[in-house]
Structure formats: structure tokens, C-alpha cells
Enquirer: 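Sharing a structure below in C-alpha cells format, with a few things to ask.
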Amino acid sequence: MSQHLSEQELLRRQKLAELQQLGINPYPADEFKINVNALDIKENYERDKLNYKDVSIAGRVMSIRDMGKACFAVIQDSTARIQIYIRKDDICPTDDKTLYDVVWKKLTDIGDIIGIEGYVFTTKTGEISIHTTSFKILSKALKPLPIVKTDESGNSFDEVSDPEFRYRQRYVDLIINPQVRDTFKKRTQIVNSIRNTLNNAGLLEVETPILQSIPGGATARPFITHHNALNIPLYLRIANELYLKRLIVGGFDGVYEFAKDFRNEGMDRTHNPEFTVLEFYVAYKDYNWMMKFSEELLEKVVLDLYGKTTVTVGDKEIDFAAPFKRVTMYDAIKEHTGVDISNLDEEGLRKVCKDLNIHVEASMGKGKLIDEIFGAKCEGNYIQPTFITDYPVEMSPLTKKHRTNAGLVERFELMVNGKEIANAYSELNDPIDQRERFEEQLKLQERGDDEAMFIDHDFLRALEYGMPPTAGIGIGIDRLTMMLTNNAAIQEVLFFPQMRPEHKAED
RNA sequence: GAUUCCGUAGCUCAGCAGGUAGAGCAUUACACUUUUAAUGUAAGGGUCCUGGGUUCGAAUCCCAGCGGGAUCACCA
């Protein structure tokens, strides 16, 4: 089995051997003590110069400009890039010039990770740099790093833009494209901000099963796996709703989980087979409370991220300042189609869909038909954050019936930039009603709807012990992150999006 | 799943009326002790995605496959 190596890869292996011949371990085990990072130097050196006379820093070599007896190089650590200056006589004060002439100039490449000691200074062109007094190879790179160059006005050259390359080799993408790293830092900031708000509100972060024998809490096709010892099929969860509600039954007032969910459906730029949803449930509240809480939560997230409530998404400016607009689903459909569907039966709805040129399936029930109309004609119009409220009962089998409007449930979805990013309701806690709703789902299943929910008898048993009135919500973290970082593809906010396997010829 | 575009050096790309491949950066060598897309001179580097077909001859034309992007369908 031989690996096909390019000229550059062969050369780097030769350099590796030469280092070893010189008695240098290219992958040393000992700790390299760091006392500063690149960002710290860049931000604080000018006003605190005395503090940067003896720095020790490590990073990856990103570029080298060789001036003969001196070199400029740029290294990158986790915080920033910084220029280093290496002069032959400074790192080789004696007659032995091997360290500079051989180890540095011949055997160190772009992509290698080095540790240096030195002092910070400003070059005559005004760039804060580190004057190196000693350097050490900490890890030799055997593959050449794609070089992205940027000129003074910020134009980049040879930027690696091939999505396949970037997603499959995200580690390279992260090294060479700083804006990618920034997106993922923002993702973590978003999650941290939400977590802080929920913790401050007294909610408890919990973990619930990913492997479930009945995949519940949503309508979607699941992944199926098998447990060998129990010899039973298990499903990867499509939602964690039913487990979080069991915990509300158990006496917690508020619980939340950032849950990886899995759905065995198509993939595109807004769908990955595994994705993250925040769900949280609060006892003794209703969906009106949840609207208020969630709009404040999102306003806070945006404020924490950008210090203001507005975000640029594509060519649009979106303002997350609370309160958000509230529109009922029937009003939304009336406004965008001119049709009042509030009193139509299934046949009537089918006719409306036909008139509006909306594709429907025979298996679709009343709720699904209304959802199709909303999706086709209304959804895209809500750019600024808007709560769409009061959904038909047929499409919300886990939601409490509306307190005043028959046929509706107390549910809202939050639409931003024409897309749904949250789904919430007053949770159905009437066990008799819940059982009937599950049975309705069973009928849909018999009509051929392969996404209809299964009956979860243990969940019904839990409700029969009594669940307090509860408000619950699910927020798509990937989609929220896409929006708040102005990315159009979910693959841009997942470190390792699902890809078809690379087939490798075995030789 | 459907339609459509794409796959050439480590990276970004050119090459296509069919004649066994080019540029810039990167790499190698030399010069240069504050440069910054450093510069100058020279050199090396390719199963042109894979497999078939047409042809005297295919990176180029045709077919199939693999991978990716975009649009659509389903969904969060």
C-alpha cells in the first residue's frame, strides 16, 4: 500500500528526515510555555511596551519573506496573525549558523507550527512584530497549505472557495479563512448567550435520550438503528419534546436542552441530517408568555453578538428589537391570498389549493393543506421577525386547543427573513385529548402519511399523572446562526456538514 | 429524487474549430540584515475526476459512473 505523494509532499518528508538527522525532534513532547497571544500583543503593545520585552508565543507559519540574512514571517495562533522578524545573528550568536541557515531557512515551511521567544517592536513600516531571539519547530507539516494572500486594500488572492474542499477539509478552511473561524465563534456566542438567559431565568439544563424506541415530538422520517444486546430497533431522535415534558411532569418548573436531532430526509443548503434545536419548557406559562419571553431572548442574543438589535442578512436589514409583530395564521392567509379559509372544510381547502396552483397530495389532511397554503403564499413575506399564531388543530397534535377559537390551537411560529426559526405552543396536558390526537395521527398514517406520529403510551401515562399547564418552544440553532452570521447555507455553520463519502482507490 | 452547470499542478484559474498542457501564487536554487500580495534571476512539478466509445490522434467530441455547486420537490 503506497500513498501517491506530490513533489512537495516528498520534499517535506525529506526535510523531516533531515531535521531528525540534526537531532531535532519535529514533534517534540515537552510543553512549550506561552506567555502571550497574538491578539494581546496587537491590542496592548502600543500603550504598554515594557510588558512585551520577553514574549513566548507559538503558532502556524503562514508566510515567509526571505531577505537573506533576515526574514519576515507571519505566524497565526488561535487569536490572530502576527509578524515575526528573524535575524541570522540574533538566533545564531555563535559561529554555528545551522539554526538559521538550515533549520529555519531550509527546513521550515509554511504550515509548520513553531514556538518563538523574543521582544515586540514596531517595524519602520509601522507593523507590530516580534523580534525573534530563539525558535523551535513544534510540529512539522507534511502537506502544503494553500496560500491565500491579501493586499493592502483587503483583496484576497487565490482564496480557497471550493465548497467541497472547505467542507471536507474544514481544518484547512479554518486555518486559511479567518472569516470561517469567526462564524463558528459567533455560533458559540449565540449558544452561550441563550444559555445565560435561560439559566438566569431559573431553567435547568438537562440531557434526554438520543436513542429512542419511539421517535416522537415531531413529524419526520427517523434514522433506524439496532441495539444488539436488547435485540430491538432504536431510532435516533427527531425531537426531544416528549422527554422534556416528562420532566415537567416530574416537577421541574423549567427545563431546556440544546439537542442534536436527526431526520432521514433530503439534504440541501438548509437541511443537514443532524442539526441542533434548543427546546425549553416552562410550567404554569402559556404561549402568550412564551412570545414575550422568546422575543426578549432573541433581542438579547443579537445585542450580545453585535451590541445593537439589527442584523444584515443578504441585502436586508433585520431588526430584532422586541416586541415582534403578531399575526394569526388565518389573517396571514387572508392578507396574502385574499381567501378567508377559517370556515372551510377539507374539500373547500383542496379547491383553494387548486385555484392557487399549490401542489397537494391525497394523503394530506386539513391541517397539512392549510400549512401548504401558508408555506407557498405567506411565509416568504415575513422578513422582519413576526409571530404567526393560532394554527389549525390538525397540524399540531401536541398543542393545547385554543381557549376561545374552536378548531385552532395555541401555537405560534416565529418567521424571520421568510423562514421559520422557532415553533412554540401552550403544551397539551389533557391526557384524554392527547390520546385522541395520537389516534388522529394513526389515521393519517393509514392514509399513507409516513411522517405521522407514533403513539407514545409512556408519554400518555406521564400526562395521566398530571402535567401543569406549560409553555414550550423549539428554536433551530443552525438556522438562527445562519441568519445572525449572514450565511445562506447550513453547511457554513456546521463544522462538519454531512457529505457523500470520498471513495478512495485502494492500491 | 428531478433539472442544470462544474471537476486541468499544492491553491486560484486559462487552454477546447480534436494534434500527447500553460499562467500567477506556492515549491527548489542563488542574491538581498525592517519587508509586507517583498523583489530579481533560474529551475522542477500534472493518471487534464474515473471507465468506456468515436478518431491516425481526445484535457477538448459522445456515453456511463463518481464527487460538488445552483434551482426545484420534501422538510427544520
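Residue numbers begin at 1 in each chain, while the letters A, B, ... track the order of the sequences.
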Enquirer: Which whole-number value in Å describes the distance from Asp371(A) CG to rC74(B) C1'?
Expert: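 Atom CG in Asp371(A) sits about 12 Å away from atom C1' in rC74(B).
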Enquirer: Name the pairing partner of rG44(B), where a pair is Watson-Crick or G-U wobble with both distances under 3.5 Å, or state none.
Expert: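 By the stated definition (distances under 3.5 Å), nothing pairs with rG44(B).
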Enquirer: Select base, sugar-phosphate, or nothing to describe what Phe121(A) touches, counting heavy atoms under 4.0 Å on all strands.
Expert: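 Base, at least one base atom sits under 4.0 Å.
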Enquirer: Specify the separation, in whole Å, of atom CG of Asp162(A) and atom P of rA9(B).
Expert: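 Interatomic distance, CG of Asp162(A) to P of rA9(B): 12 Å.
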Enquirer: Please report the distance separating the C1' of rU28(B) from the corresponding atom of rG53(B), rounded so that it comes out in whole Å.
Expert: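 Here rU28(B) and rG53(B) have their C1' atoms 42 Å from each other.
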Enquirer: Rounded to the Å, how far apart are Gln498(A) CD and rG67(B) P?
Expert: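 Result: 12 Å.
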Enquirer: Would you measure the distance from the C1' atom in rG57(B) across to the matching atom in rA14(B) and give it in whole Å?
Expert: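 It works out to 23 Å between them.
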Enquirer: Take the protein atom CG of Asn272(A) and the nucleotide atom C1' of rG68(B), then report the distance between them rounded to whole Å.
Expert: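 These atoms are roughly 15 Å apart.
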Enquirer: Taking a pair as Watson-Crick or G-U wobble with both distances under 3.5 Å, which nucleotide is matched to rG67(B)?
Expert: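 Because both required distances fall under 3.5 Å, rG67(B) counts as paired with rC6(B).
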Enquirer: Which part of the nucleic acid, if any, lies within reach of Glu127(A) when heavy atoms closer than 4.0 Å are counted: base, sugar-phosphate only, or nothing?
Expert: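 Result for Glu127(A) = base.
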Enquirer: In this structure, how many angstroms lie between the P atom of rA37(B) and the CZ atom of Arg81(A), rounded?
Expert: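 From Arg81(A) CZ to rA37(B) P: 14 Å.
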Enquirer: Using a 4.0 Å heavy-atom cut-off, does Arg65(A) contact any base of the nucleic acid, only the sugar-phosphate backbone, or nothing at all?
Expert: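 Arg65(A): base contact, heavy atoms under 4.0 Å.
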Enquirer: With the side chain of Pro163(A) defined as its heavy atoms from C-beta on, choose the nearest nucleotide among rG67(B), rG10(B), rG69(B).
Expert: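 Looking only at heavy atoms from C-beta outward on Pro163(A), the closest nucleotide is rG69(B).
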Enquirer: P atom, rG1(B) versus rG44(B): distance in rounded Å?
Expert: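 Looking at atom P only, rG1(B) and rG44(B) are 47 Å apart.
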Enquirer: Please tabulate, for the side chains in residues 90-100 of chain A, all donor-acceptor contacts under 3.5 angstrom to protein atoms that are two or more places apart in sequence or on a different chain.
Expert:
residue, atom, partner, partner atom, Å
Asp90(A), OD2, Arg87(A), NE, 3.0
Asp90(A), OD2, Arg87(A), NH2, 3.3
Asp90(A), OD2, His131(A), NE2, 2.5
Thr94(A), OG1, Asp96(A), N, 3.4
Asp96(A), OD1, Thr98(A), N, 3.0
Asp96(A), OD1, Thr98(A), OG1, 2.4
Lys97(A), NZ, Cys92(A), O, 2.7
Lys97(A), NZ, Thr94(A), O, 2.9
Tyr100(A), OH, Gly68(A), O, 2.8
Tyr100(A), OH, Lys69(A), O, 3.4
Tyr100(A), OH, Ala70(A), N, 3.0

Enquirer: May I ask you to decide whether Arg500(A) forms a salt bridge with Glu164(A), counting only side-chain N to carboxylate O separations under 4.0 Å?
Expert: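 Between Glu164(A) and Arg500(A) there is no salt bridge, as every charged N stays at least 4.0 Å from the carboxylate O atoms.
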Enquirer: Pick the nucleotide of RNA chain B nearest each of Arg168(A) and Asp151(A); which residue has the one closer to the 5' end?
Expert: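 Checking each residue's closest nucleotide, the 5'-ward one belongs to Asp151(A).
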Enquirer: Looking only at the side chain of Phe72(A) (C-beta and beyond, no hydrogens), which of the listed nucleotides rG68(B), rC11(B), rU34(B) gets closest?
Expert: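 It is rU34(B).
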Enquirer: Any chance NZ of Lys49(A) has more than 12 other-residue heavy atoms, nucleotides or ligands included, within less than 6.0 Å?
Expert: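 Check passes, neighbour count above 12.
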Enquirer: Are side-chain heavy atoms of Phe280(A) and Ile473(A) found at a separation under 4.5 Å?
Expert: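 Phe280(A) vs Ile473(A): side chains touch.
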Enquirer: Taking the side chain as every heavy atom from C-beta outward, state whether Glu159(A) and Asn177(A) have any atom pair closer than 4.5 Å.
Expert: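 Yes, close enough: below the 4.5 Å cut-off.
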Enquirer: Which whole-number value in Å describes the distance from Ile82(A) CD1 to rU35(B) P?
Expert: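 Answer to the nearest Å: 18 Å.
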Enquirer: Is any NZ, NE, NH1 or NH2 atom of the basic residue among Glu427(A) and Lys245(A) found under 4.0 Å from an Asp or Glu carboxylate oxygen of the other?
Expert: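 Result for this pair is yes, salt bridge flagged.
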Enquirer: Between Asp371(A) and Lys368(A), is there a salt bridge with N-O shorter than 4.0 Å?
Expert: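 Between Asp371(A) and Lys368(A) there is no salt bridge, as every charged N stays at least 4.0 Å from the carboxylate O atoms.
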Enquirer: rA31(B) pairs with which nucleotide, Watson-Crick or G-U wobble, both distances below 3.5 Å?
Expert: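 Base partner found: rU39(B).
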Enquirer: Can a salt bridge be assigned to the pair Lys106(A) and Glu18(A) using a cut-off of 4.0 Å between side-chain N and carboxylate O?
Expert: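 No, Lys106(A) and Glu18(A) are not salt-bridged.
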Enquirer: P atom, rA38(B) versus rA43(B): distance in rounded Å?
Expert: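 rA38(B) and rA43(B) have their P atoms separated by 23 Å.
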Enquirer: How does protein reach along nucleotides 20-32 of chain B, written 5' to 3' as B (base within reach of a heavy atom under 4.0 Å), S (only sugar-phosphate), or - (no contact)?
Expert: ----BBBSS-S-B
Enquirer: Grab the CD-P distance between Glu164(A) and rG67(B) for me, whole Å please.
Expert: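 The answer, rounded to whole Å, is 10 Å.
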Enquirer: Using the P atom on both, measure rA9(B) against rA23(B) and round to a whole Å.
Expert: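 Approximately 14 Å lies between the P atom of rA9(B) and that of rA23(B).
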Enquirer: Report the C-alpha distance between Glu440(A) and Lys443(A) in whole Å, list the side-chain angles of each, state the deciding distance to 0.1 Å, and finish with yes or no for salt bridge (charged side-chain N to carboxylate O under 4.0 Å, His left out).
Expert: CA-CA 5 Å; Glu440(A) 284 299 315; Lys443(A) 283 183 199 154; 3.3 Å; yes
Enquirer: Taking atom P in both rA59(B) and rG69(B), what distance in whole Å separates the two?
Expert: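 Going atom to atom, P in each nucleotide, I get 28 Å.
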Enquirer: Could you check how far OH of Tyr167(A) sits from P of rG68(B), rounded to whole Å?
Expert: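 Spelled out: OH on Tyr167(A) to P on rG68(B) is 12 Å.
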Enquirer: Please report, to 0.1 Å, the donor-acceptor pairs under 3.5 Å made by any side chain of residues 416-424 of chain A, with sequence neighbours excluded.
Expert:
residue, atom, partner, partner atom, Å
Asn423(A), OD1, Arg411(A), NE, 3.0

Enquirer: Using the P atoms only, state how far rC25(B) lies from rU41(B), rounded to an integer number of Å.
Expert: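 Straight-line distance between the two P atoms is 11 Å.
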Enquirer: Taking atom P in both rU55(B) and rU71(B), compute the distance separating them and give it to the nearest angstrom.
Expert: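 About 42 Å, rounded to a whole number of Å.
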Enquirer: Is there a side-chain contact between Arg87(A) and the phosphate of rU34(B), meaning an N or O under 4.0 Å from OP1 or OP2?
Expert: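 So the side-chain polar atoms of Arg87(A) never come under 4.0 Å of the phosphate oxygens OP1 or OP2 of rU34(B).
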Enquirer: Quick one: is rU35(B) close enough that its OP1 or OP2 comes under 4.0 Å of any side-chain N or O from Lys124(A)?
Expert: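 Indeed, a polar side-chain atom of Lys124(A) lies that close.
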Enquirer: What residues in residues 379-400 of chain A put a non-hydrogen atom under 4.0 Å from any atom of RNA chain B?
Expert: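 Nucleic-acid contacts, sorted: none.
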Enquirer: What orientation do Tyr85(A) and Phe121(A) show, parallel under 30°, tilted 30 to 60°, or perpendicular over 60°?
Expert: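 Judged by the thresholds at 30° and 60°, the geometry between Tyr85(A) and Phe121(A) is tilted.
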Enquirer: Quick one: does Gln83(A) reach the base of rU35(B) with a side-chain donor-acceptor pair under 3.5 Å?
Expert: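 Looking at the base of rU35(B), it does pair with a donor or acceptor on the side chain of Gln83(A) (distance under 3.5 Å).
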Enquirer: Report the residue from Tyr391(A), Phe387(A), Phe293(A), Phe324(A) that forms a ring-ring contact (aromatic ring centres under 6.0 Å, His included) with Phe412(A).
Expert: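 With Phe412(A) as partner, Tyr391(A), Phe387(A), Phe293(A), Phe324(A) yield a single ring-ring contact (aromatic ring centres under 6.0 Å, His included), made by Phe387(A).
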Enquirer: Within the 4.0 Å heavy-atom criterion, would you say Glu372(A) contacts the bases, only the backbone, or no part of the nucleic acid?
Expert: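 It contacts sugar-phosphate atoms only.
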Enquirer: With Glu257(A), which residues qualify under side-chain hydrogen bond (donor to acceptor under 3.5 Å, both in side chains), at least two apart?
Expert: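 Thr208(A), Arg237(A), Asn240(A).
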Enquirer: Give a yes or no on whether the ring-centroid distance for Tyr235(A) and Phe223(A) is below 6.0 angstrom.
Expert: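 No, the ring of Tyr235(A) stays outside the 6.0 Å limit from the ring of Phe223(A), centre to centre.
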Enquirer: Tell me what Asp90(A) touches on the nucleic acid: a base, only sugar-phosphate, or nothing, going by heavy atoms under 4.0 Å.
Expert: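 Asp90(A): no heavy atom of the nucleic acid under 4.0 Å.
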Enquirer: Contact list please: residues 255-270 of chain A against RNA chain B, heavy atoms, distance less than 4.0 Å, in numerical order.
Expert: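 By residue number: Arg263(A), Glu265(A), Asp268(A), Arg269(A).
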Enquirer: Should rA23(B) form a Watson-Crick or G-U wobble pair with both distances under 3.5 Å, which nucleotide is its partner?
Expert: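 Matched rA23(B) with rU12(B) under the 3.5 Å cut-off.
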